[in-house]
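The figures that follow rest on heavy atoms only: side chains count, while hydrogens, waters and symmetry mates do not. Remember, it's a predicted structure, so these values are computed and weren't measured experimentally.
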Amino acid sequence: MLDEPRSGRFAAWGNALLTGRVSPDDAAAGVVGEDAAHRVVGLPGEEGPVSPAVALSRLRGAGVVALRVALPAPGDPLGLCGPPEFNAAALEAGEAVLAPEVGIGLLPEVGPAAGGRGAVVRWRVAPVRSDLLPDVPSLGEAERELTELLRETAEGVARLGLPEAGPVARAEVDAYRARAEREAEGLAPGYPPRAVRVLALAGRVRALVAVAAAPGGDGSLSAGQAALRAELIRPVERAARRARTAAYNAYAEEAAHGR
């Protein structure tokens with residue numbers, strides 16, 4: 001997932017609203033971003049779809065202190081706390097927003113807007129466990145893990161992944177890096193500088209991994225080399241995803257420690 005996750009935008013701007021740093025309208029604009037429209041469906045106490053501004057205000061009124069992000073992948077239910085039905089739906093979507101203290105989760109369903117201009121996102125509310133907090137690394141743990149893993153594997157990834165990449169692949173790296181920087185800069189007001197730094201680092205790593213994982217166009221890698229490259233890349237990708245999740249959950253981490 002190289003693009004900014006919509007769950008990240010929802011949680012980031014939602015947390016800024018929950019802490020009084022932005023207005024409901026500004027939070028809603030941050031959630032929507034470049035999409036055409038967002039609606040939240042199934043919120044307790046609401047009969048029909050509501051705007052992000054209304055949904056976030058209702059969540060604040062229900063006692064939500066901090067929204068959390070889950071970015072699960074097959075075999076790694078990162079940020080999820082159950083029940084199994086929600087976990088399965090979040091895994092299919094690749095992301096989710098959670099407010100476990102009130103037993104609410106939100107799952108994005110993305111469709112085209114009328115006329116094909118942008119996307120319409122429908123956030124489906126579903127129950128999550130309120131007696132078990134999601135298991136995610138702290139921001140410090142995730143940063144150390146990613147940095148150490150990069151130090152250990154950078155030489156091997158570079159040797160097997162990028163030398164054969166031509167100008168097109170390198171242009172893709174530059175484009176991915178630029179998007180990663182925009183994602184980090186787009187964190188809502190109040191996020192700690194370390195979260196911004198970690199999110200930017202995770203984005204740059206994901207860009208390199210995406211290009212390194214792409215099949216070589218010239219057939220220069222043997223089957224054995226390709227397998228070794230995949231083995232090197234896999235833990236780096238996982239560490240980058242964990243760091244990304246920790247960055248978005250920095251609000252919840254600070255709230256849990258009373259900061």
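- Pairs engaging residues 10-19 under the salt bridge (charged side-chain N to carboxylate O under 4.0 Å, His left out) rule: none recorded [sequence neighbours left out].
- In this structure, the side chain to side chain donor-acceptor pair (under 3.5 Å) partners of Arg194, at least two apart in sequence or on a different chain, are Glu143.
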Inset, instruction - Show the numbers, then the answer: is there a side-chain contact (heavy atoms from CB on, under 4.5 Å) between Glu237 and Arg206? - result: CA-CA 6 Å; Glu237 187 280 332; Arg206 287 166 39 247; 5.8 Å; no
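- Pairs passing the side-chain hydrogen bond (donor to acceptor under 3.5 Å, both in side chains) check and including a residue from residues 99-110, sequence neighbours excluded, read Glu109-Arg122, Glu109-Arg124.
- Remark: Arg68 engages no residue in a side chain to side chain donor-acceptor pair (under 3.5 Å) (not counting sequence neighbours).
- Judged as a salt bridge (charged side-chain N to carboxylate O under 4.0 Å, His left out), and not counting sequence neighbours, Arg144 has no contacts.
- Listed for the Tyr248 side chain is no donor-acceptor partner under 3.5 Å among the backbone atoms of Ala70.
- For Pro127, the side chain to side chain contact (heavy atoms under 4.5 Å, CB included) test picks out no residue, with sequence neighbours left out.
- Applying the salt bridge (charged side-chain N to carboxylate O under 4.0 Å, His left out) test to pairs two or more places apart or on separate chains, those with a residue in residues 69-94 are Asp76-Arg238, Asp76-Arg241.
- Under the side-chain hydrogen bond (donor to acceptor under 3.5 Å, both in side chains) criterion, the residue pairs touching residues 36-56 are Asp35-His38, His38-Trp123, Glu46-Arg58, with sequence neighbours excluded.
- Distance check: Leu199 CG to Arg204 CZ gives 10.0 Å after rounding to the nearest 0.5 Å.
- The side chain to side chain donor-acceptor pair (under 3.5 Å) check on Asn249 picks up nothing, with sequence neighbours excluded.
- Partners of Asp135 according to the side chain to side chain donor-acceptor pair (under 3.5 Å) rule, which considers only residues two or more places apart in sequence or in another chain, do not exist here.
- Leu139 forms part of a hydrophobic cluster together with Val198, judged by ILVMFWY side-chain heavy-atom separations under 4.5 Å.
- Phe86 pairs by the ring-ring contact (aromatic ring centres under 6.0 Å, His included) definition with nothing, not counting sequence neighbours.
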